[in-house]
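Let me begin by presenting the structure, written as structure tokens, before commenting on it.
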Amino acid sequence: MYIYNNLSNRKERFIPCEDNQVKMYVCGMTVQDKPHIGHMKSFLTADVMRRYLEYRGYRVKLVQNFTDVDDKIINRANQEGVPYLTVANRYIEEYYQVSDRLNIRRADIYPRATEHIPDIIALIQRLIDKGVAYEAAGDVYFAVEKHPDYGKLSNRSIADMIEGTRKDVQSNKKHPLDFALWKAAKPDEPHWDSPWGKGRPGWHIECSAMAMKYLGETFDIHGGGLDLIFPHHENERAQSEAATGKPFAHFWCEGGLLEIENTATKKVEKMSKSLNNFFAMSDILEKFEPDAVRMFLISGHYRSPLNFSEARMAEAKARLDRLRETFRNMSFILKDFDDDATLDVESSEPEVKELYEKAKAVREKFEAAMDDDFNTAQAMAVLFDVAKAANTFMASRQERFSSTDKRVLDYSRGILQDFLHVLGFSDAIFAEDTRATDITDDLIQILIEVRKTARMEKQWAIADTIRNRLEALGIALEDRPGGETRWKWK
RNA sequence: GGCGACGUACCCAAGUGGCUAAGGGAGCGGUCUGCAAAACCGCUAUUCAUCGGUUCGACUCCGAUCGUCGCCUCCA
């Protein structure tokens, strides 16, 4: 398979460092506020990559950090008058909640910066010993000019960057682009003892220390948002490779940002905490189901920006409903279908053969799409193709299905389920709605029968009242061509 | 100003140096239906921002122009 590498600016053949093992690090959140849907785009992207890699037979070790000490967390804690870890823990907890609801599989390890201070100090010391970092008044800085490769990931040269740099007031730095590995503690700040006095880690170093600790000095894939390329990932790479003399991550896979239209200026801009234009993931989940969010987030390519709006979410929901409808219709037909005879395609009718061929081709087409830098949009199109074919097939049958018909539908359903799972959709799409308890079903069946009688007597007002009242409760009735009436939650 | 990405139908969105430019949403017409809903069938890009160039041939490669976005400061 091929994955786009931001380091080389092109797609490269993906070959893991170790045979069957993929080691992956995703830059997690600085837990200063609620996770918003832009954050979750990154993590859901990583989740899809991981699931597909596993589908492909790799064992994946995924590490995703929490940066739980930084200026903004400290500020927020001061405003609230609580310890900084209270703030951090609160948002970490919320992260887990929304992540679980989105069916994002848990990473293998979620290391936290504050729990790795000794590792961080050791790494900084290593850099000082190598002569690429220096201490100045209790701070420690990485000397950018000592690292010849600096700027490669973000495609810029030190000279270019200096032009755009504002004058830095604090001048413990030897070079304006040098960045802090360790910051001397200001009064009343959280701090730890270190060889350079009391202080706390700078922003980038924790990722290097923790990635190396859990994945080794070289690993396969480094993910995160595109806005992290500079300075975060550039600095991470520089300090890591300066320390070890080895490549840090092989593939740098930063994803496109979530954008949103500014209602005042009509301009599209990235969703971020600093612009205060974000939609908390928890709020969106009040309104839209998790699978619809997933459908929305994978509707384009992960490297492209994605524009958020309620209308787009509603569209994603409609896409999801289309698939769900197909599954519902299959389920009605396959109710009590329990037959493990093999499908004899050769002697089947052309319609059966056609659906079978469509479903059978999914594996190859889906893999071709996903092997090409995780093209989820293409992959979804492949699945929609089969859903359409199944719908067409079902519509062609006038509600009478032979066991061969059922076999090919069962086969198609299995294929669709398998591949929707690979993309991380939950069983909620194809499983029966859990709100439908048996008694509910019985009660609705009674109403359906009453309505049926009314319809036979052409008492349309009664029939429609039943349907409308149920509709108001979120229950939709469908009269099928054969005279059968089905119900579903809307 | 520097670096990078992008501009495909009403909307979202994949894609390819030459075979009908995927898929979805929305709309319209039809089938089915007492009416709906859902589904199915048909229609909605002679064209891929604009202008040049390379080529037998480009939407796809190159250049310019216009537009949008991101990074250059904290940010998934």
Side-chain angles (χ1 to χ4, degrees), chain A residues 6 9 26-30 32-33 35-46 64 67 70-72 151 154-157 159-166 168 177 203 223-232 234 254-259 267-275 278 295-296 299-301 303-307 309 311-312 314-323 325-326 328-329 365 369 372 375-385 387-388 390-396 398 455-456 458-460 463-464 467-468 471 476-481 485-486 488 490:
Chain A
N6 271 314
N9 300 310
V26 178
C27 272
M29 292 185 58
T30 299
Q32 41 150 324
D33 207 334
H36 60 63
I37 185 169
H39 297 124
M40 299 322 287
K41 178 175 188 286
S42 283
F43 307 131
L44 193 133
T45 295
Q64 179 180 326
T67 297
D70 97 314
D71 288 342
K72 288 183 178 173
S154 55
N155 286 309
R156 56 193 86 194
S157 69
D160 287 344
M161 283 186 275
I162 288 175
E163 285 193 38
T165 306
R166 56 164 189 199
D168 204 329
L177 294 175
W203 175 31
L226 208 54
D227 54 349
L228 293 180
I229 281 196
F230 192 89
H232 186 55
E234 190 69 68
E254 289 86 355
L257 300 179
L258 197 80
E259 300 179 337
K267 286 229 169 197
V268 173
E269 52 194 28
K270 94 185 215 194
M271 182 177 288
S272 78
K273 287 169 186 166
S274 44
L275 292 171
F278 67 91
M295 185 67 89
F296 168 65
S299 63
H301 190 95
R303 280 190 289 111
S304 302
L306 181 65
N307 210 324
S309 70
R312 295 298 317 284
E315 188 189 315
K317 165 86 163 66
R319 285 158 65 82
L320 186 67
D321 283 342
R322 181 173 172 79
L323 290 178
E325 197 61 35
T326 300
R328 270 182 184 140
N329 289 329
K365 288 183 176 174
D372 184 13
N375 191 336
T376 50
Q378 180 99 287
M380 276 312 304
V382 173
L383 301 184
F384 272 108
D385 248 356
K388 169 93 167 184
N391 286 339
T392 303
F393 178 76
M394 288 188 280
S396 73
Q398 257 79 47
R455 290 173 70 211
M456 287 191 304
K458 297 196 192 301
Q459 307 254 18
W460 308 127
D464 289 349
R467 188 172 59 198
N468 294 340
E471 170 125 24
L477 298 188
E478 286 179 20
D479 298 326
R480 308 293 304 180
T485 297
R486 297 175 186 171
K488 66 182 180 187
K490 281 195 304 177

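Quick note on labels: first sequence line is chain A, next is B, and so on, each numbered from 1.
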| query | On a plain distance test, is the side chain of D464(A) in donor-acceptor contact with the base of G34(B) below 3.5 Å? | reply | yes
| field | Interatomic distance at C1', C59(B) relative to G18(B), whole Å | value | 12 Å
| query | With sugar-phosphate meaning primed atoms plus P, OP1 and OP2, does E254(A) contact a base, only sugar-phosphate, or nothing at under 4.0 Å between heavy atoms? | reply | nothing
| Contact class for S274(A) (heavy atom, under 4.0 Å): base, sugar-phosphate, or nothing? | base
| query | Could you give the CG-to-P distance, from L323(A) to G24(B), as a whole number of Å? | reply | 10 Å
| task | Indicate, with a heavy-atom threshold strictly under 4.0 Å, whether G28(A) touches base, sugar-phosphate, or nothing. | result | sugar-phosphate
| task | Tell me the partner of U60(B), counting only Watson-Crick (N1-N3 plus N6-O4 or O6-N4) or G-U wobble (N1-O2 and O6-N3) with both under 3.5 Å; none if nothing fits. | result | none
| task | Look at all strands and tell whether M394(A) reaches a base, only sugar-phosphate, or nothing, counting heavy atoms closer than 4.0 Å. | result | nothing
| message | Is it the case that atom NZ in K273(A) sees more than 12 heavy atoms from other parts of the structure closer than 6.0 Å? | response | yes
| query | G27(B) pairs with which nucleotide, Watson-Crick or G-U wobble, both distances below 3.5 Å? | reply | C43(B)
| Nucleotide A37(B), atom C1' - distance to CG of N329(A) in whole Å | 11 Å
| task | Taking the side chain as every heavy atom from C-beta outward, state whether F278(A) and L258(A) have any pair of such atoms under 4.5 Å apart. | result | no
| said: Looking at R322(A), I'd like to know whether one of its side-chain N or O atoms comes within less than 4.0 Å of OP1 or OP2 on C40(B). | reply: yes
| message | Counting only Watson-Crick pairs (N1-N3 plus N6-O4 or O6-N4) and G-U wobbles (N1-O2, O6-N3), all under 3.5 Å, who is the partner of A5(B)? | response | U68(B)
| request: Please work out if S272(A) contacts a base, only the sugar-phosphate, or nothing of the nucleic acid, heavy-atom cut-off 4.0 Å. | output: base
| query | Counting any heavy atom closer than 4.0 Å, what does A395(A) reach on the DNA or RNA strands: base, sugar-phosphate only, or nothing? | reply | sugar-phosphate
| note | Picking from U68(B), G23(B), A14(B), the nucleotide nearest the side-chain atoms of K267(A) would be U68(B)
| message | Distance check, P atoms only: U54(B) and A22(B), in whole angstrom units. | response | 30 Å
| Hey, does E478(A) reach any base, or is it just sugar-phosphate, or nothing, if we go heavy atoms under 4.0 Å? | base
| query | In whole angstrom, what separates R303(A)'s CZ from C71(B)'s C1'? | reply | 16 Å
| query | Between R467(A) and D464(A), does at least one N-O distance fall below 4.0 Å, as a salt bridge requires? | reply | yes
| request: May I ask you to say what D385(A) touches in the nucleic acid, namely base, sugar-phosphate or nothing, with a heavy-atom cut-off under 4.0 Å? | output: sugar-phosphate
| query | Under 4.0 angstrom, heavy atoms only, what part of the nucleic acid is L257(A) near: base, sugar-phosphate, or nothing? | reply | base
| For U55(B), the Watson-Crick or wobble counterpart (both distances under 3.5 Å) | none
| said: Without decimals, in angstroms, what is the distance between N307(A) CG and G24(B) P? | reply: 22 Å
| Heavy-atom side-chain proximity of D33(A) to K72(A) below 4.5 angstrom | no
| message | Going by purine N1 to pyrimidine N3 plus the second Watson-Crick contact, or the G-U wobble pair, all under 3.5 Å, which nucleotide sits opposite C32(B)? | response | none
| message | Return whichever of E325(A) or V26(A) has its heavy-atom-nearest nucleotide of RNA chain B closer to the 5' end. | response | E325(A)
| message | Under 4.0 Å from OP1 or OP2 of A22(B): is there any side-chain N or O of K388(A) that close? | response | no
| query | Does D479(A) come within less than 4.0 Å of R455(A), counting only side-chain N to carboxylate O? | reply | yes
| query | Would you say C3(B) has OP1 or OP2 under 4.0 Å from some side-chain N or O of S157(A)? | reply | no
| task | Please state how far atom CD in E234(A) lies from atom P in U73(B), giving the value in whole angstrom units. | result | 13 Å
| query | Whom does A76(B) pair with, Watson-Crick or G-U wobble, provided both distances fall under 3.5 Å? | reply | none
| request: Quick one: closest heavy-atom pair of K41(A) and G256(A), and the distance? | output: NZ-O, 2.7 Å
| query | Heavy-atom distance under 4.5 Å between the side chains of P305(A) and L226(A), does that happen here? | reply | no
| task | Could you tell me the separation between the CG atom of L177(A) and the P atom of C71(B), rounded to a whole number of Å? | result | 18 Å
| said: Just to be sure I understand the rule, does M29(A) reach a base, reach only the sugar-phosphate, or reach nothing, if contact means heavy atoms closer than 4.0 Å? | reply: sugar-phosphate
| said: On the side chain of D70(A), is there an atom forming a donor-acceptor pair with the base of C74(B) - under 3.5 Å, no angle test? | reply: no
| said: At 4.0 Å (heavy atoms only), tell me whether K273(A) reaches a base, stays on the sugar-phosphate, or touches nothing. | reply: sugar-phosphate
| task | For W460(A) and G34(B), say yes or no: do the ring centres fall under 5.5 Å of each other while the ring planes differ by less than 30°? | result | yes
| Is there a side-chain contact between M295(A) and L323(A), using heavy atoms and a 4.5 Å cut-off? | yes
| field | Presence of K490(A) side-chain N/O under 4.0 Å of A38(B) phosphate oxygens OP1/OP2 | value | no
| message | Checking side-chain polar atoms at under 3.5 Å, does N329(A) have a donor or acceptor matched by the opposite partner on R486(A)? | response | yes
| Is any side-chain N or O of K488(A) closer than 4.0 Å to OP1 or OP2 of A38(B)? | no
| said: Using atom C1' in both nucleotides, what's the gap between C28(B) and G67(B) to the nearest angstrom? | reply: 32 Å
| Taking only N and O in the side chain of T392(A), is any of them less than 4.0 Å away from OP1 or OP2 of C41(B)? | yes
| Sugar-phosphate only, base, or nothing, as touched by L258(A) at under 4.0 Å among non-hydrogen atoms | base
| message | Using OP1 and OP2 only, check whether a side-chain N or O of N391(A) sits under 4.0 Å from C40(B). | response | yes
| message | Going by purine N1 to pyrimidine N3 plus the second Watson-Crick contact, or the G-U wobble pair, all under 3.5 Å, which nucleotide sits opposite A21(B)? | response | none
| said: At 4.0 Å (heavy atoms only), tell me whether L275(A) reaches a base, stays on the sugar-phosphate, or touches nothing. | reply: nothing
| Taking CZ from R467(A) and C1' from A38(B), how many angstroms apart are they, rounded to a whole number? | 12 Å
| said: Without decimals, in angstroms, what is the distance between E315(A) CD and A9(B) C1'? | reply: 14 Å
| query | Given the P atoms of A9(B) and U60(B), what is the spacing between them in whole Å? | reply | 15 Å
| note | Ranking G15(B), C72(B), A39(B) by distance to the side chain of M161(A), first place goes to C72(B)
| Are E325(A) and R328(A) close enough, and set up right, to give a salt bridge (charged side-chain N to carboxylate O under 4.0 Å, His left out), and what steps lead you there? | CA-CA 5 Å; E325(A) 197 61 35; R328(A) 270 182 184 140; 3.5 Å; yes
| Sugar-phosphate only, base, or nothing, as touched by S396(A) at under 4.0 Å among non-hydrogen atoms | nothing
| request: Please measure how far the P atom in U20(B) lies from the corresponding atom in U47(B), and state the result in whole Å. | output: 16 Å
